[in-house]
Structures are given as structure tokens and as C-alpha cells.
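Throughout, a chain's letter reflects where its sequence line sits, starting with A, and its residues are numbered from 1. Model, not experiment: these values are computed from the prediction.
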2 protein chains.
Amino acid sequence: MGRTKLYDPQVALSAIKEQFWANGFEGTSLHDLEVATKLPKQTLYREFGDKHQMYLKALGDYERTEIREAAKILSAESDARGAFQALFDAIINEVEGNNDRRGCFLCNASADRTSIDQEIGLQVVAMLDRWRKTFQTALGPAPQSKELSDVLLAGYIGFRILARAGLSAPQLRAIAGQLLNIIPTRSR
Amino acid sequence: MGRTKLYDPQVALSAIKEQFWANGFEGTSLHDLEVATKLPKQTLYREFGDKHQMYLKALGDYERTEIREAAKILSAESDARGAFQALFDAIINEVEGNNDRRGCFLCNASADRTSIDQEIGLQVVAMLDRWRKTFQTALGPAPQSKELSDVLLAGYIGFRILARAGLSAPQLRAIAGQLLNIIPTRSR
DNA sequence: TAAATTTGTTACCGTTGGGTAACGAATGAG
DNA sequence: CTCATTCGTTACCCAACGGTAACAAATTTA
């Protein structure tokens, strides 16, 4: 029924995500999205709905890709501190190698739309809690793993915000090192 | 020379700050600023320059007022952990009492404009470092006060982002409590 | 092959965006 | 009192904004 799409919706959504990630909601225009996806906005509206829904779906895609990727890094290491070390290293390497200053889309969204758009706020809070649970899992059966994951989540968000703000890689490395000290050794 | 102003530039700047604080750079229109300041934009341009400069001056005013206020809270307590406890309590009380979800303007700005506008980025980084130094001062002559202030800054930013995202007061209280545990007792 | 459906394209809509020009009213300095 | 200066107000500018309508080309199902 009907003609087949000449574009890949998943590729388009990924491009949309990149734009919102780098420039925020208000900082991204439909024209920007047209250029990024190489699709006319008519197609974007038909495929994804309005800008608000595009943002929500971009957040969903972020969780599906980047956050899963981070979870994989976390679970690859055998001890908790090493796991988080690997996570921070990966982020700092992105900053150093590609001068990637986008930060974390979820963290940016928390500062951006949540206090204005209620629906986005709810989704962000839900994603943040799943993110925290990912941390908790990586901490293993340590006592107080819930409390530890709380403080690590706060530290992680701050770390990524500071990376976006433009702190140098050595500065970030120092902060990451201090954050790791929060994690008790031999906790897994 | 010339006629005297019928408005108070300081009051106007404070209103501008409130707007950028709540809604970000792109989320704030000149019309919003006209309404908030009760001044026509012609006057705003003459007084403060373009939108970019208004934002920079709003950030400056934030440091002059809110951050000084926080520094006062920090210095009022005799021990380091009590000082930060007082700071977090003040923030949580604002959330509970007035449902203040604006978060920290400096933290929001870090996620908002820094990776796009270089000049703002530089100012934000400078302000963040002064903010960290404020933390370091509050920590007193503890060993590793520099490193401790780094991790506390990251935790503080994450905490305020989470508050803006909409976490409940009890959740915030739990996180704040965990952050305080980072600070060694009797460190001052 | 016929019909229904969904595509890609073009054009358009009204609103709002940031920013500026022009000008009379007011008030300071000399 | 005079005059240069700075005020407040009105009007305007054009580009960009998010969003929609209309339609022909294409393609799958029946």
C-alpha cells in the first residue's frame, strides 16, 4: 500500500537528535533539521509530528543508542571503580580527540526544556532514573549502592556539564579522578 | 547633560536576569524582556546593547547577587560540612516552599550557550572557577581542598540540574545528604 | 490493470524574531 | 534662557519561525 520511503526514518531521527543535542530545543530550527536530515520539513512533520514530538523522539533515540553504549562500557569492567573509570575515560577521549563539546543530551535537556515543557520534563526524569539504575547495577551488590548511585549521578551530570562548558581535558581528568574516589574499592 | 532616566537600570537588569534564568537564551524573546522590565526594547538596546550583551550582563548580575548570597551562607557556618549542608538546605527550601525550579542560572548557562557562543563560554568558565574557589574557601585549610572543591562543584551542578529537572524535595534531600558525605568531618 | 495510498515537491500562511530610524518631550550644563 | 544631549514613544524593516494546503509522481495491493 502506497509508495516506499526513499529515506531511512532511523537515520533521519539520528540526525535530528544530533541537532537538538548540540543546539537545544529553541536553538534548533526546522530549517536546521531539514538540512541535517536532507529531508523537506513536510516529510519530517509527516514522519515525526511537530517539533515537540521530534524532541521527545530524539531523546528516546538517545537513550536507545548513546546510553546503551555507555551501559555496555560500564558492564565490561570487572570492578566498579574500573567501570566508571572506563566511562569517564571514553568521554574525555571524545573531548580530546574530536573536541566533542556537546556534552550529554539528557543532561542538556534537563537544563533546557524540563522546567518549561511538562511532558518533556516527565520523560527526562524517567530517563534520569533509569540512568541512575544503570549506575547502581554497575556498582554491584555493594551496600548503599542506591545512595552511591545518587551521588554518582549528580557528579556525572556536573562532569558532563563542565565538559560542555569548555573545561580542558586535564581539568576534566582531575575531576573524574576525584569522582572515582567516591566509589569504594573492591565493591564488586 | 540630558534628561534623567525614569527607570532603574539595576532593577531592569535584574528582571532580564530572571527571564534568561528561567527560559534560557533562545527561549527568551525581546518581547519577553520588554514585559519583564516594563521598558520598550528601544530603551533596552540603548541601555544594555544587543541580546548577546544582555545575557552576559545578566550573568554578571547573577554572580553579583545570587552567588554572593550563597557565599555568605557558606561562610556563616563554622565547619565545612555544616556550611554545605546550609547551602543545600537553602536550595531545597526554595524548591519546597516556592516550587522554584529555575535551578542555577550559571549551571543552566553552562548547558545552554557555552558550546555555541564562545564569549559566553569564556565568561561561564571563569565564573565556574570562581565558584569552585568559593567552595574551596568554605572547605578551609583541609588537605586536598582543591581536589575536594572540584568534586563538590561537579556534584553541586548535577544537584541543581536535577532540581530543575523536577526531582522531588525528598529525592533532592537524599542526594544532598550523600554529597555531604564526601566532605571529611572536622576539616576546618 | 485499476484503485487506493503514500510518497516527494512546491508554494504559501500568519506570526514572531532581533534590530533600527526618526522624532518630539524633557532636562541637564553653560 | 539657550542649546546640546538623552530621554521615551511610535513606527517600521526584513528575515526566520513553526506549521499547512495542494498536487503530481510513484508504488503496492486487489
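- Between Tyr55(B) and Phe105(B), the gap from one ring centroid to the other is short of 6.0 Å.
- Proximity of a side-chain donor or acceptor of Gln53(A) to a complementary backbone N or O of Asp50(A) within less than 3.5 Å is detected.
- At a non-hydrogen distance threshold of 4.0 Å, nothing from residues 10-23 of chain A comes into contact with DNA chain C.
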Distance-only criterion, 3.5 Å: show the donor-acceptor pairs between side-chain atoms of residues 12-20 of chain A and protein atoms not counting sequence neighbours.
{"from": "Lys17(A)", "atom 1": "NZ", "to": "Asp61(A)", "atom 2": "OD2", "distance (Å)": "3.1"}
{"from": "Lys17(A)", "atom 1": "NZ", "to": "Thr65(A)", "atom 2": "OG1", "distance (Å)": "3.2"}
{"from": "Glu18(A)", "atom 1": "OE1", "to": "Arg102(A)", "atom 2": "NH1", "distance (Å)": "2.4"}

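- In this structure, Glu26(A) atom CD and dG18(D) atom C1' are separated by 11 Å, rounded to whole Å.
- Expressed to the nearest 0.5 Å, how far SG of Cys104(A) lies from CD1 of Ile67(A) amounts to 6.0 Å.
- In this entry the distance linking CG of Asp50(A) with C1' of dC17(D) reads 14 Å, nearest Å.
- A salt bridge is defined here as a Lys NZ or Arg NE, NH1 or NH2 lying under 4.0 Å from an Asp or Glu carboxylate O, and Arg130(A) with Glu63(A) meets this definition.
- Remark: Glu69(A) does not engage Arg64(A) in a salt bridge, criterion side-chain N to carboxylate O under 4.0 Å.
- Outside the 6.0 Å centre-distance limit, the rings of Phe84(B) and Tyr156(B) are not counted as a close aromatic pair.
- Applying the ring-ring contact (aromatic ring centres under 6.0 Å, His included) test to pairs two or more places apart or on separate chains, those with a residue in residues 157-177 of chain B are Phe88(B)-Phe159(B).
- Look at Ser29(B) and you won't find any side-chain N or O under 4.0 angstrom from OP1 or OP2 of dT16(C).
- A distance-only check finds a donor-acceptor pair linking the side chain of Arg101(B) to the backbone of Ala163(B) [under 3.5 Å].
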Does the protein touch nucleotides 7-13 of chain C at the base, only the backbone, or not at all? Give it as B, S and - per nucleotide, heavy atoms under 4.0 Å.
BBB----
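- Contacts between residues 30-37 of chain A and DNA chain D, defined by a heavy-atom separation below 4.0 Å, involve Leu30(A), His31(A), listed by number.
- Here the P atom of nucleotide dA21(C) and the OH atom of Tyr45(B) are 13 Å apart, to the nearest Å.
- With rounding to whole Å, Tyr55(A) atom OH is found 14 Å from dG18(D) atom P.
- With respect to Lys57(A) and Glu47(A), no salt bridge is recorded, no charged nitrogen being found less than 4.0 Å from a carboxylate O.
- With sequence neighbours excluded, the residues satisfying side-chain hydrogen bond (donor to acceptor under 3.5 Å, both in side chains) with Gln171(B) are Ser168(B).
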